[in-house]
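The block underneath contains the structure these notes are about, expressed in structure tokens.
Note that the structure is a prediction, hence the values are computed from the model and not measured.
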Amino acid sequence: MLDIYNDKYSYIIILNCLEEIIFCNKNFLNRLNYSSGEILNSNIKKIIISEKNIINQLDKENKTFHFLSKNNELIKVNFNISVEEFNNNECIFLIGKEITNEKSDNLFLEKSIYELLYKNCSKTVRENYLTEIKEISFNINKILTDVGQKMLNYTQADGISIFLYDNKKEGLKPILKLKNSSMYLENIDFIPLKKYELDSQKYKDYFNNIYLKNTAPNFSMIDYNDNNEVKYIGSYTIELNEELFGLVGLSFKNNTRPKINNNEYMKYNCNRIAMLIKNIILSNQVYIENKKRKYTERELENYLAVSVDLVAIVGKDGYFKKISPNWKNVLGWSEEELLSMPIVNIVHIEELESFKGRKKHEEIDQQITRHNIRFKHKDGHYVHLEWNSMYTKEEEIYITTSRDITKTIEIENEKKLLEKAMDAEIAKNEFFSNISHEFRTPINIILGTMQVVNKKIEKNNLEMDSLKKYGKYIKQNSYRLLRLANNLIDISKMDIGAYELRCSNQNIVNIIEEITLSVADYTKNNKINLIFDTSDEEIITYCDADKIERIMLNLLSNAIKYTPQNGFITVDITRDESNIRVSVKDSGMGIPKNKIDNIFDRFSQVDEFFNRKYEGSGIGLSLVKNLVEMHGGYIKVNSEINKGSEFIFAIPIKLGKEKECNNCEIDRKYKHVERCDIEFSDIYN
């Protein structure tokens, strides 16, 4: 009777009420590479990837399930589920066919993650974490959909698509189709294309730009020329550090004209998408490595729990008296060799002195001590042993047990290195993105202003007032570039120890008061009340006046940027027996508690990555911290959301030997205005 179910075109599975497999047709068994004896009478969850029970899906038609074959292939099957009588019992029938032409946006990403998981992890780890991996894949697709929708809204295009490059199959896979792209790409599921073809001049000239549809090569296999509705198309590369991840395509109808600034916006967002994909790849690798390590650690713990520890009796003279056979397996030395040599001969030289010292302190009757000590293996490398010892005063011997923890320490070291590499990669990506944005913004403003001036000159329509206004724009953004370049140069000098202070004995109260009053125009224009207060009119200390001004300008510019109109900024100077203490307090927006610890990190910003409310490379406060510490001082911050922030720095009060020639005082007095203009170049009045 069962032969009637062996339809070679369908997969048929019959389950009992406990969801145990009581029948599978040959077609399904062959596809999953299982024999009937391997899965019959087993719960279907042995071969299915699902967090839900089959019984709960009875009211749904065309339910799709993911199966894992015996060789770990991911197979997707669309089933009709019903309850029928089989062998006089009510059973669950699943009858379906495999989805061979998958159009799900998620599957491309899911398969990539599954392949990484199967390649690197044991079966136990895979079974425990498949649900979590599927959730990661879903989140990736959701993020890309959100980003694509935002780009669509900004560019006002009539269609947008995102292709990811499949290195294994060598081609582009469309994973996102919005608006009209769903129609244009309806029958396109994969575009075979070598990477060297994409790098060729034939296609490269048309990337990152918008062009008429009949002028571009047909690299996408989409015949736009037969579509009379489309007039303009654009293709933008998703790449980072010359690594290509995919393309973003735009299409515009005849009645839609692309924006002038679409290219810069799209390139900027494609860079962000590339960073997102790169970071997800790194995160997935770290995720899988962590799961592998946890599983390895569990295996190691189980192994150690059932293994016999290294047992030994050591005399007060420092020689082994008795040892268990496992010592030879761990250290390579024979029993005779170990009994004939002092223990200190095989203890690592860096731990030799402390090992000798411990023995004296351990000679307390019946006290158990534990240490991690490196012992030399016979072949020359060192083994980490967890050494547990108890001294018996009556017999003057040490009873010891040891355990090999070398593998555990190596795992921990590898984990730290991997996490450090990931943090460094993410920091590098964010840094290059921030810096490129910081340079691009003022350069674009300068170039745009120059174009306006040239056009007005050509039309003989340039008035003096307009020229002054344009000149102000150019000067202000030139100062922004100068400030960024100066900060980068100074940070680089500090990293290699080439940055020097030009110190002299100065009245630091006067320095801070002058530079504070010099920014009064900025605070007035921003309708902020600036207050200066000090309990001492004169405090002489050995400092670099130029750098003290730079510290103050940076703190004041931050305070102005983040303080609303009708707020206040207070600069207060106090002293104690050994330090001068300077406070810059504002009534601004404040800093979240979870960001305070990172506020002085290089390239760090409080603002969210995709929502930069204020400009800034994140270098300024790191530079301030370095300058304060070079003076032998410290800096800290107190802040509360919507109540303001207070930056406090202190430097020691001391006198130093004056240099014979010191021009810094003369230079400083004539550069207050210019320094303010440079440091405040992104505060628009």
Side-chain angles (χ1 to χ4, degrees), residues 120-122 124-125 286 289-421 424:
N120 293 282
C121 295
S122 67
T124 304
V125 176
V286 171
E289 286 297 322
N290 285 338
K291 296 304 181 185
K292 285 171 58 183
R293 285 194 181 87
K294 288 181 180 179
Y295 179 72
T296 304
E297 288 168 1
R298 286 197 298 271
E299 283 186 331
L300 182 60
E301 289 171 359
N302 293 334
Y303 168 76
L304 294 174
V306 299
S307 68
V308 178
D309 288 345
L310 306 179
V311 180
I313 297 176
V314 181
K316 193 175 180 180
D317 59 359
Y319 281 81
F320 285 110
K321 302 304 179 183
K322 290 183 180 180
I323 59 173
S324 63
N326 282 345
W327 279 91
K328 177 175 171 54
N329 298 332
V330 174
L331 294 180
W333 305 96
S334 67
E335 183 177 353
E336 292 76 15
E337 288 171 324
L338 288 172
L339 291 174
S340 64
M341 69 174 74
I343 297 177
V344 293
N345 286 6
I346 57 174
V347 174
H348 195 286
I349 191 171
E350 293 180 3
E351 298 172 352
L352 192 56
E353 290 301 322
S354 58
F355 180 72
K356 291 179 180 178
R358 288 189 194 113
K359 286 178 61 181
K360 295 178 181 178
H361 293 94
E362 290 169 6
E363 291 177 0
I364 302 174
D365 195 30
Q366 302 299 313
Q367 178 174 312
I368 299 175
T369 58
R370 293 178 175 84
H371 307 289
N372 293 337
I373 303 172
R374 285 175 287 176
F375 284 84
K376 188 176 183 179
H377 193 278
K378 189 173 183 178
D379 65 9
H381 75 274
Y382 283 88
V383 177
H384 292 264
L385 295 184
E386 185 182 68
W387 179 275
N388 304 312
S389 177
M390 182 180 72
Y391 183 68
T392 303
K393 191 173 183 179
E394 182 179 352
E395 300 180 27
E396 294 187 336
I397 60 171
Y398 295 90
I399 300 173
T400 69
T401 62
S402 300
R403 180 172 293 186
D404 185 357
I405 58 171
T406 305
K407 197 170 183 180
T408 303
I409 291 175
E410 289 175 352
I411 288 173
E412 287 299 319
N413 291 337
E414 287 178 6
K415 181 179 178 181
K416 290 176 183 177
L417 288 174
L418 186 61
E419 290 174 349
K420 185 177 180 181

(message) Just so I know, are the side chains of W387 and R403 near enough to count as touching, which here means a heavy-atom distance under 4.5 Å?
(response) no

(message) Applying salt bridge (Lys or Arg N to Asp or Glu O under 4.0 Å), can you list everything that pairs with K328, at least two apart in sequence or on another chain?
(response) none

(message) Please report the interatomic distance CD1(I409) to CD(E414), rounded to the nearest 0.5 Å.
(response) 12.5 Å

(request) Could you tell me the separation between the NZ atom of K415 and the CG atom of N413, rounded to the nearest 0.5 Å? (result) 12.0 Å

(message) With rounding to the nearest 0.5 angstrom, report the CD1 to CD distance, I373 to E386.
(response) 10.5 Å

(request) Please determine, by modelled atom types, if T406 and D404 share a side-chain donor-acceptor pair under 3.5 angstrom. (result) yes

(request) Just jot down the salt bridge (Lys or Arg N to Asp or Glu O under 4.0 Å) partners of K322, sequence neighbours excluded, or say none. (result) none

(message) Consider ring pair (Phe, Tyr, Trp, His ring centres under 6.0 Å). Of F375, W333, W327, which one does F320 pass it with?
(response) W327

(request) Would you name the heavy atoms of Y319 and S340 that are closest together and state the gap between them? (result) CE2-O, 3.8 Å

(message) Can you confirm whether N372 sits close enough to H384 that some side-chain heavy atom of one is under 4.5 Å from a side-chain heavy atom of the other?
(response) no

(request) Over all heavy atoms of both residues, which pair between S389 and T400 is shortest? Give the atoms and the distance, please. (result) OG-CG2, 3.7 Å

(message) So does E350 get a backbone contact from the side chain of H348, meaning a donor-acceptor N/O pair under 3.5 Å?
(response) yes

(message) Would you compute the distance between atom NZ of K316 and atom CD of E395 and round it to the nearest 0.5 angstrom?
(response) 13.5 Å

(request) Could you tell me the separation between the OG1 atom of T401 and the CG atom of N388, rounded to the nearest 0.5 Å? (result) 4.0 Å

(request) Could you grab the distance from atom OH of Y391 to atom CD1 of I399, nearest 0.5 Å is fine? (result) 11.5 Å

(request) Quick one: closest heavy-atom pair of L331 and K376, and the distance? (result) CD2-O, 4.2 Å

(request) For residues I323 and A312, report the shortest heavy-atom separation together with the two atoms involved. (result) CG2-CB, 3.9 Å

